[in-house]
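The block underneath contains the structure these notes are about, expressed in structure tokens.
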Amino acid sequence: MNSPNKSSSLPTYFISHGGGPWPWMTEARGAYAGLAAALADMPRQIGRTPDAILMVSAHWEEPVFTVMGNPMPPMVYDYGGFPEHTYHVHYEAPGSPALARRVQGLIEAAGLPAAFDAERGFDHGMFSPMAVMYPKAEVPTVQLSLRRGLDPAEHIALGRALAPLREENVLIVGSGLSYHNLRQFGPQAREVSKAFDDWLSDAVDAPPAQRVQRLLAWSQAPAARIAHPREEHLIPLMVAVGAADEEQGVRVYHEDAFMGGISVSSYRFGAAAGDAAA
């Protein structure tokens, strides 16, 4: 995956990916206008087209870190209650078995357990945001699972192991949601989501060493277990942080009235060429 003429390091991202197959639902366009604009702006921020994307989705967990090696991944419709046509959408990005093997090797070299899955397809934590970020589906994409147990320290270590990919023109994206409590959604979640979002943005904005310590103790944050009764939608953030361990974080998307009242955010770690040129 090396690109000798593209030696500068790519940033990493943690994105809030929204609900289900929203890009294919015309009735969702108003509610998702802010998120869509933020996702669509990412290629400009990056300033060049990555050779590939490594996507860590909240919607895939395995006993060990598992890398998708399918060259033409199928779709995994891992949602329910949406219009029938959303179970037939396709995002035709290719996979990359070569990148998958590279990722597996980096993980194992760091002393972490890793496996290769030649059959796995794209879940909506990948294809929904990617349909907005790269609508032509031209960028090869590999998914990497979370590890069951959702240990934040282990996922920060995973990110550190993957950091060399940033010099190889591979974009690392953690895909989740900064607030994920489907039983407390909309206006009733205004105060609790804001409390956690404010804490999270302060933690991301902290100097890198302090940032890690704060994120390791995320469950002690205000409203933490209301915002994330189960933390699979937060843990992809740890991978993005670990892969940009010494670099500053910045909030690149924020709404305080998403879906009627929820505070949500997305973050970038490391410099972005497009922003520097703007």
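All of these numbers come straight from a predicted model, not from anything done at the bench. Hydrogens, waters and symmetry mates are skipped; everything else that's a heavy atom, side chains included, is used.
Taking the six-membered ring where the residue is Trp, the centroids of Tyr253 and Tyr267 are separated by 6.0 Å or more. Checked against the 6.0 Å centroid criterion, the rings of Phe258 and Tyr32 qualify as a close aromatic pair. A ring-centre distance under 6.0 Å is found for Phe65 and His155. No close placement of the Tyr77 and His88 rings is indicated, their centers lying 6.0 Å or farther apart.
Linking Ile, Leu, Val, Met, Phe, Trp and Tyr residues whenever their side-chain heavy atoms come within less than 4.5 Å leaves Trp218 and Leu177 in two separate clusters. Val76 and Val142 fall into different hydrophobic clusters, where Ile, Leu, Val, Met, Phe, Trp and Tyr side chains are chained together by heavy-atom contacts under 4.5 Å. Each of Val103 and Phe116 belongs to its own hydrophobic cluster when Ile, Leu, Val, Met, Phe, Trp and Tyr are linked at side-chain heavy-atom distances under 4.5 angstrom. Grouping the Ile, Leu, Val, Met, Phe, Trp and Tyr side chains by contacts below 4.5 angstrom, directly or via other members, places Ile226 with Leu182. Connection of Phe185 to Tyr79 is established within a shared hydrophobic cluster, with ILVMFWY side chains joined at heavy-atom distances below 4.5 Å, either directly or through further cluster members.
Side-chain atoms of Ser8 and Arg48 include a donor-acceptor pair closer than 3.5 Å. In this structure, a donor-acceptor pair under 3.5 Å is absent between the side chains of Asp117 and Thr66. Side-chain N/O atoms of His59 and His124 include a donor and acceptor closer than 3.5 Å.
For the residue pair Ala93 and Thr141, the shortest heavy atom distance occurs at CB-OG1, 4.4 Å. Shortest non-hydrogen contact noted between Ala240 and Tyr13 is CB-O, 3.4 Å. Across all non-hydrogen atoms, the minimal contact from Leu234 to Phe14 is O-CE1, 4.3 Å. Closest approach of Met259 to Ala31, counting heavy atoms only: SD-CB, 3.9 Å. Of all non-hydrogen atoms in Pro73 and Gly121, the two that sit nearest each other are CB-CA, 4.0 Å. Among all heavy-atom pairs drawn from Arg214 and Asp202, the shortest one is NH1-O, 3.4 Å.
Checked by atom type and distance alone, the side chain of Arg147 pairs as donor or acceptor with a backbone atom of Pro63 at under 3.5 Å. With Ser175 contributing its side chain and Gly125 its backbone, the two residues share a donor-acceptor pair below 3.5 Å. In terms of modelled atom types and a separation under 3.5 Å, the side chain of Ser201 and the main chain of Asp198 share no donor-acceptor contact. With Gln248 contributing its side chain and Asp205 its backbone, the two residues share a donor-acceptor pair below 3.5 Å. In terms of modelled atom types and a separation under 3.5 Å, the side chain of Arg44 and the main chain of Gly47 share no donor-acceptor contact. Formation of a donor-acceptor pair under 3.5 Å by the Gln143 side chain with backbone atoms of Asp123 is found in this model. When atom types are taken as modelled, the side chain of Ser16 and the backbone of Ser178 share a donor-acceptor pair closer than 3.5 angstrom. Side-chain atoms of His17 never come within 3.5 Å of backbone atoms of Met130 as a donor-acceptor pair (strictly under, hydrogens ignored). A side-chain donor-acceptor contact under 3.5 Å links Arg166 to the backbone of Leu10.
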(request) Take Glu62 and Trp60, measure what side-chain hydrogen bond (donor to acceptor under 3.5 Å, both in side chains) needs, and give me the verdict at the end. (result) CA-CA 7 Å; Glu62 296 288 350; Trp60 188 19; 2.7 Å; yes
(request) Test side-chain contact (heavy atoms from CB on, under 4.5 Å) on Ser263 and His254 and set out the steps. (result) CA-CA 7 Å; Ser263 289; His254 175 71; 4.3 Å; yes
(request) Kindly determine whether Arg102 and Leu165 satisfy side-chain contact (heavy atoms from CB on, under 4.5 Å), including the steps that lead there. (result) CA-CA 9 Å; Arg102 170 71 171 141; Leu165 296 174; 3.8 Å; yes
(request) Please test Arg230 against Leu150 for side-chain contact (heavy atoms from CB on, under 4.5 Å), starting from the C-alpha separation and ending with a verdict. (result) CA-CA 9 Å; Arg230 190 174 186 275; Leu150 303 177; 3.8 Å; yes
(request) Go through Leu146 and Glu232 one step at a time and tell me if the side-chain contact (heavy atoms from CB on, under 4.5 Å) criterion holds. (result) CA-CA 8 Å; Leu146 303 176; Glu232 80 284 349; 4.3 Å; yes
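Between Thr49 atom OG1 and Leu171 atom CG the span is 10.5 Å, to the nearest 0.5 Å. A distance of 13.5 Å separates CD1 of Ile15 from OG of Ser265, quoted to the nearest 0.5 Å. A distance of 12.0 Å separates CZ in Arg29 from CH2 in Trp24, rounded to the nearest 0.5 Å. Distance check: Leu162 CG to Glu168 CD gives 10.5 Å after rounding to the nearest 0.5 Å. How far CG of Asn181 is from OG of Ser193: 10.0 Å, rounded to the nearest 0.5 Å. In this structure, CG on Leu106 lies 15.5 Å from CZ on Arg160, to the nearest 0.5 angstrom.
Around atom CD of Glu191, no more than 12 heavy atoms belonging to other residues, nucleotides or ligands sit under 6.0 Å away. With a 6.0 Å radius and a threshold of 12 heavy atoms from other residues, nucleotides or ligands, Glu27 has its CD atom above the threshold. Within a 6.0 Å sphere centred on CD of Glu138, other residues, nucleotides and ligands contribute more than 12 heavy atoms.
Side-chain contact between His228 and Phe196 is present, with heavy atoms from C-beta onward closer than 4.5 Å. The shortest distance between side-chain heavy atoms of Tyr91 and Met126 falls below 4.5 Å. In this structure, the side chains of Leu39 and Met133 come closer than 4.5 Å at one or more pairs of heavy atoms. Contact annotation: the side chain of Val132 never approaches that of Pro129 to less than 4.5 Å [non-hydrogen atoms, C-beta and beyond]. Counting heavy atoms from C-beta on, the side chains of Trp22 and Leu35 come closer than 4.5 Å. For the pair Phe127/Val89, a side-chain contact is recorded, criterion being any heavy-atom separation below 4.5 Å from C-beta on. When side chains are defined from C-beta on, Val250 counts as touching Val252, because their heavy atoms get closer than 4.5 Å. Taking the side chain as every heavy atom from C-beta outward, Val192 and Gln184 approach each other to under 4.5 Å.
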